[in-house]
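Below: one structure, written as structure tokens.
All values below were derived from every heavy atom in this structure, side-chain atoms included, with hydrogens, water molecules and symmetry-related copies excluded. The sequence lines fix the lettering, A, B, ..., with proteins before strands; numbering per chain opens at 1.
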Amino acid sequence: MIRSLSIVSGLIIFLFVTTHLLNLSLGIFSIELLEQSRPYFFAIWGILPFELALILSFIIHTSLGLRALYLRNTLRMSSQDRVQLISSLLIIPLLIPHIIAIKMGENLLGLEPNFIDFLTIMWIDLPLEGLRQVLLLMVVWVHGCIGLITWLRLKSWWAGAAPFMYPLAVAIPTFALLGFVEAGRDAVDRYNAVQAQGQYSSYNYSVNESATTYPKTLQADSTGQSATPKVELSAEQMGERVAQIESVVRSAFIGYFALLLLVMLARYIRLRKNRDWVEIHYADGVVIKSKIGPTLLELSISNDVPHANLCHGKGRCGTCRVRIIKSDSTLSPAADLELAMLKRLNSTADTRLACQVEPGAGVIHLERLLKADVLPQDLHSSAQEKDKSATQSHSEAST
Amino acid sequence: MIGVALKAGAVSLLRVLFMGILLLNASLTMAAVEVNQQVYDPDANRQIVEFKRLLSDPNIQQWLLQSSVTEASENDAEGLKDNFSLLLTQIRVRKEYLFAAWEQIAEAPELIVENWQLQMSATESLRAVTYMLIFLFVGAGLEWLYAQYTRHRLLGLELQKPGTLQQKIRSAVLRALITLGGLLFFACGSIGVFLSFSWEPLVEYLVLEMLIVILMVRVGITISRFFLAPRLKELRLVPFSDAQAEVVHRWASILIFLATLNTANTNIFDRLLANIPGEGLIHSALSLSLMHHLLLLAAAQIAIYQTYQVFIPVSHSAKKRVAGKFWAAYLSIFLIVIYLLWVLDITLLRQSLIIVGLLIPLTHLFRVWVDYLFDQAEHEFQTSAAFIVPAEATENAELVDPKESLDNKPRPYDNYRPIARRLTRFVLVVLAIMSLMIVWGFNIFNLSSSPTIADKLFEVGIDVIAALLIADLIWVWAKTYIDKRLADYQPPEDGHAPGPEARMATLLPLLRTILIVTLVSMVSFSVLASLGFNIGPLLAGAGVIGLAIGFGAQTLVKDVVSGIFYLIDDAFRVGEYIEVGDLRGTVESMSVRSLIVRHHRGAVHTIPFGELKAITNHSRDWVIMKLEFRIPFDTNMKQVKKLIKKIGAELLENADFGHSFIEPLKSQGVRRMEEFNMVLGVKFMTRPGEQWVIRREAYHRIRDSFEANGIHMAERNVKVEVLSDMPLNEKIKQAVMGAAQAAIEQPVAKGPVPDEP
């Protein structure tokens with residue numbers, strides 16, 4: 001339930017990001033095309049149920065991420081998991097200014113968000129914002145792709161489709177970034193041209209002025225997308241509201257970091273009791289000794305013992321399964337998820353999923369049933385021969 | 001193990017890249033000087049701009065200053081004194097700069113920042129960062145894409161345990177190639193995007209420097225990983241433990257990073273401050289690079305110390321510990337000296353010192369490494385051949401002491417080990433010479449047109465060293481081969497004939513002497529030629545003498561050469577019975593020129609090898625002896641066959657020669673019918689040389705056996721038929737016998753007399 005919730009919410013967000021980036025790619029051609037095509041790309045997300053789903057997904061995905069962080073037994077992990085975790089932690093602080101600026105700008109300043117304004121701000125007035133935006137794009141895309149691929153690689157059709165999907169995963173952000181740069185340079189050129197004409201001699205770095213004046217100058221030679229404020233505001237009201245936005249951004253930051261700190265604190269309290277040692281003897285002679293707390297899979301990985309884990313310890317693939325030969329430690333009992341997976345694989349009674357078992361103190365003798373370099377397609381071919389899969393995997397592992 | 005010895009080498013391995021960077025850095029100065037010389041070509045407009053830029057370069061100003069100081073003495077021959085005073089002036093100028101730099105060290109960062117802002121607004125800087133981020137992201141994306149298609153192969157390489165050294169090297173190389181392929185993709189992606197943006201000149205320079213830093217660091221780390229494989233013991237090409245490999249790899253990465261960053265920083269600061277007039281800024285750049293290089297030096301010293309710490313505790317032999325200490329101290333002092341020379345700006349000396357100082361530990365390191373690889377390969381060979389050895393080894397296990405049995409192990413690669421050592425040394429020395437030439441500003445391909453004494457000396461030196469190195473390589477190879485053959489040769493035991501190796505044992509030292517004489521004369525000719533002597537007459541003289549000797553000794557040469565070929569054919573050995581034309585006898589001895597054969601009657605024949613044509617060797621493998629007996633027509637052949645078979649069995653049992661039989665004595669039945677009798681054929685097969693004794697015994701026994709069984713050998717007799725019934729009186733009998741006498745006495749054709757030694 002929780003797993004599928006996390007996947008569905010992630011997918012919705014990913015879909016939104018993809019449409020956004022595809023839109024941005026059009027900036028390669030011209031800034032007008034970029035602006036004109038915006039309503040079509042955002043059409044779906046304007047409809048209430050979809051908008052609601054997006055917001056809901058965002059909240060759910062974030063809180064599930066924090067929950068996963070809380071439940072994580074060790075912070076030593078494979079490099080891909082590390083990238084995934086760090087990127088997820090980075091997304092929120094990078095996103096806060098963007099999302100608040102858009103939403104609050106719409107509500108408080110009466111500005112309808114459009115690319116021309118934003119590009120002007122990001123390339124001329126506040127280049128730091130541009131940098132942040134580029135970083136955000138990269139982090140979000142990397143996070144999304146890792147999640148998506150980890151999920152998809154277990155599907156039987158993925159092995160065939162993957163070679164065509166991978167280039168897409170690189171092409172979309174590349175074109176979006178190029179579009180961002182091209183459109184931004186276009187905006188800078190136009191701004192310089194206007195400056196040269198001497199129409200606007202004064203120039204300062206405040207947000208409000210740039211938000212109100214420069215769009216108009218661009219508007220003069222663009223095709224007339226209406227960006228005039230719905231509500232006329234005086235300069236001091238404007239300044240007040242901008243300050244208000246800034247304070248909201250600040251408090252959002254503080255709130256986020258406080259939440260994060262809280263989660264880490266809770267996790268520390270949860271793991272504090274793990275003081276005992278467990279010793280694992282693998283069938284091929286490797287012996288490791290480690291503090292208890294993590295799962296068998298995490299112990300393997302953190303001790304550089306190769307261990308197959310196609311779904312990265314989510315209990316979805318069953319590739320990490322081990323046969324417990326002998327154990328005087330307390331193994332955490334199998335949950336429904338694990339039982340279902342083991343049943344599907346026709347496993348024997350002494351087989352467990354390494355990603356689900358948290359061993360207590362003691363000595364465990366076990367055997368990894370799959371080779372560490374197993375491929376998803378191998379998984380499907382063996383799954384089709386279900387009747388002999390259990391015995392087969394035993395013999396595979398032993399050879 | 002060789003761990004500690006290698007350890008020092010490992011440290012120097014770290015140094016290589018780092019020093020390479022320093023060298024690169026320094027060579028920029030040289031390049032600047034060279035460019036300045038090219039400026040005198042009047043045709044290029046661009047060069048004038050370049051000239052102006054160069055004039056503002058601090059290094060050039062310094063150079064010009066020195067030139068003006070020595071201008072007075074330029075017309076005279078460059079004496080040692082002048083050079084020395086030039087050096088002193090240079091140091092004095094540098095000292096002033098250093099003092100100025102020292103005073104400004106606090107303000108330097110501020111000046112740099114100020115100058116930065118002067119040339120580039122904050123907006124532009126941020127945009128530059130954005131651009132950089134984007135093209136790095138695209139590069140990384142392409143690399144990721146590449147990794148998706150190659151990852152499984154890489155994982156397979158890392159998980160599979162290579163059995164042999166060859167597989168190990170293959171896996172390591174493949175792994176490095178796959179990683180470098182990813183790097184190539186990264187470079188393509190990032191450089192592609194980099195090119196698609198338009199940049200401010202300063203930004204472009206900066207970004208390019210950063211890109212170079214990233215690529216250099218990654219290539220360096222890949223190379224380090226190729227050798228050390230810190231996480232994969234199976235793919236490691238050096239005899240390090242996990243911890244050692246980890247430490248060395250970490251420090252190698254850190255130093256590579258620091259060194260490249262350092263170079264980039266220095267270049268950027270120089271560039272930033274290049275266009276600003278005023279002494280102060282130049283000195284602040286200098287003070288910053290001083291600090292940077294000091295930092296790098298400190299990091300390198302820590303690296304040496306840490307590496308030393310990891311390697312020393314595990315080495316058991318005191319000798320190795322001393323060696324480790326020595327190399328650590330050597331490198332550490334070496335680096336300090338290099339830094340001091342850099343501070344004093346004595347470029348030429350510093351660069352030469354770097355090259356020579358690196359050559360020594362590198363030669364040592366590669367020597368140890370080659371030895372290690374050979375040890376591995378040998379060990380592998382021995383363990384794979386182990387299943388053959390035991391049969392022999394268990395037999396005399398008690399008799400042979402362990403050391404000796406170790407020496408008895410097969411060493412298939414021993415011939416190549418010294419060659420590999422020499423070859424690596426050869427390559428290293430040649431590389432060092434090349435870089436020295438570049439550093440000293442000699443044009444490698446244009447030496448003859450530069451007539452100064454120094455150039456001439458250099459040229460001669462290069463020629464001599466190259467000739468010596470090549471001769472050395474050939475000599476070592478041949479010597480190893482010949483010595484191995486000689487060492488493997490075991491002199492024959494008493495009473496046994498020596499094998500063909502015996503003659504090789506006399507020939508090989510001869511060959512060795514010929515080779516060394518040839519090599520020495522060739523090298524001396526080449527040295528003389530490069531010194532400028534005209535070696536034409538020498539060669540002609542040698543040619544004439546060679547011709548004369550060649551004609552005179554034609555047959556001698558023919559004898560020696562054909563002797564070698566008979567030897568290769570293995571046509572005869574000492575102790576064998578041979579037949580050459582009309583001559584036959586046992587081979588008594590062989591000299592370089594001739595063969596001495598003793599006839600079985602005592603005569604000694606000396607036959608030059610050149611005279612030998614077809615040789616019949618009677619002593620090879622086996623001999624068939626055939627015997628004939630004449631028996632009367634009424635003989636019972638079945639009985640004969642039985643008797644012969646019995647005798648054959650008896651002979652086989654004989655203690656003296658029974659073992660020499662290859663096939664026993666057996667009857668071949670009636671071979672032919674003659675006038676008065678049948679001819680019984682009997683044959684046997686023995687080892688060469690044993691047939692005569694056996695034949696004697698066989699004749700003896702067969703005769704006895706026939707006699708005992710009532711079989712008589714056929715005798716010539718004449719039957720006279722008298723066609724009359726009347727009894728013959730004595731007189732008539734006499735007459736009849738007289739008439740038959742003629743038939744009896746008819747001479748029988750003489751058969752060949754079998755020869756016998």
Any chance you could measure [X], atom [atom1], to [Y], atom [atom2], to the nearest 0.5 Å?
{"X": "Leu126(B)", "Y": "Leu131(A)", "atom1": "CG", "atom2": "CG", "answer": "6.5 Å"}
{"X": "Leu135(A)", "Y": "Thr130(B)", "atom1": "CG", "atom2": "OG1", "answer": "8.5 Å"}
{"X": "Gln148(B)", "Y": "Met165(A)", "atom1": "CD", "atom2": "CE", "answer": "13.0 Å"}

Does [atom1] in [X] sit with more than 12 non-hydrogen atoms of other residues, nucleotides or ligands closer than 6.0 Å?
{"X": "Gln167(B)", "atom1": "CD", "answer": "yes"}
{"X": "Phe226(B)", "atom1": "CZ", "answer": "yes"}
{"X": "Tyr282(A)", "atom1": "OH", "answer": "yes"}
{"X": "His379(B)", "atom1": "NE2", "answer": "no"}
{"X": "Arg82(A)", "atom1": "CZ", "answer": "yes"}

Are the side chains of Pro167(A) and Leu145(B) in touch, meaning some heavy atoms are under 4.5 Å apart?
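The answer is yes, as the side chains (C-beta and beyond) meet within the 4.5 Å cut-off.
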Tell me, for Arg185(A) versus chain B, whether the close heavy atoms (under 4.5 Å) come from the side chain, the backbone, both or neither.
side chain
Close aromatic pair by centroid cut-off 6.0 Å: Trp144(B) and Tyr166(A)
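Yes - the distance between ring centres of Trp144(B) and Tyr166(A) falls below the 6.0 Å cut-off.
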Testing the basics here: between Arg127(B) and Val188(A), what is the closest heavy-atom pair and its distance to 0.1 Å?
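Between these two residues, the closest heavy atoms are NH2-CG2, 3.9 Å.
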So which residue, Phe137(B), Tyr149(B), Tyr131(B), ends up with the most heavy-atom pairs under 4.5 Å with chain A?
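Most pairs with chain A among the choices: Phe137(B).
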Using a cut-off of under 4.5 Å on heavy-atom pairs, state which of Leu155(B), Leu142(B), Val193(B), Leu133(B) scores highest against chain A.
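Counting heavy-atom pairs under 4.5 Å, the top option is Leu133(B).
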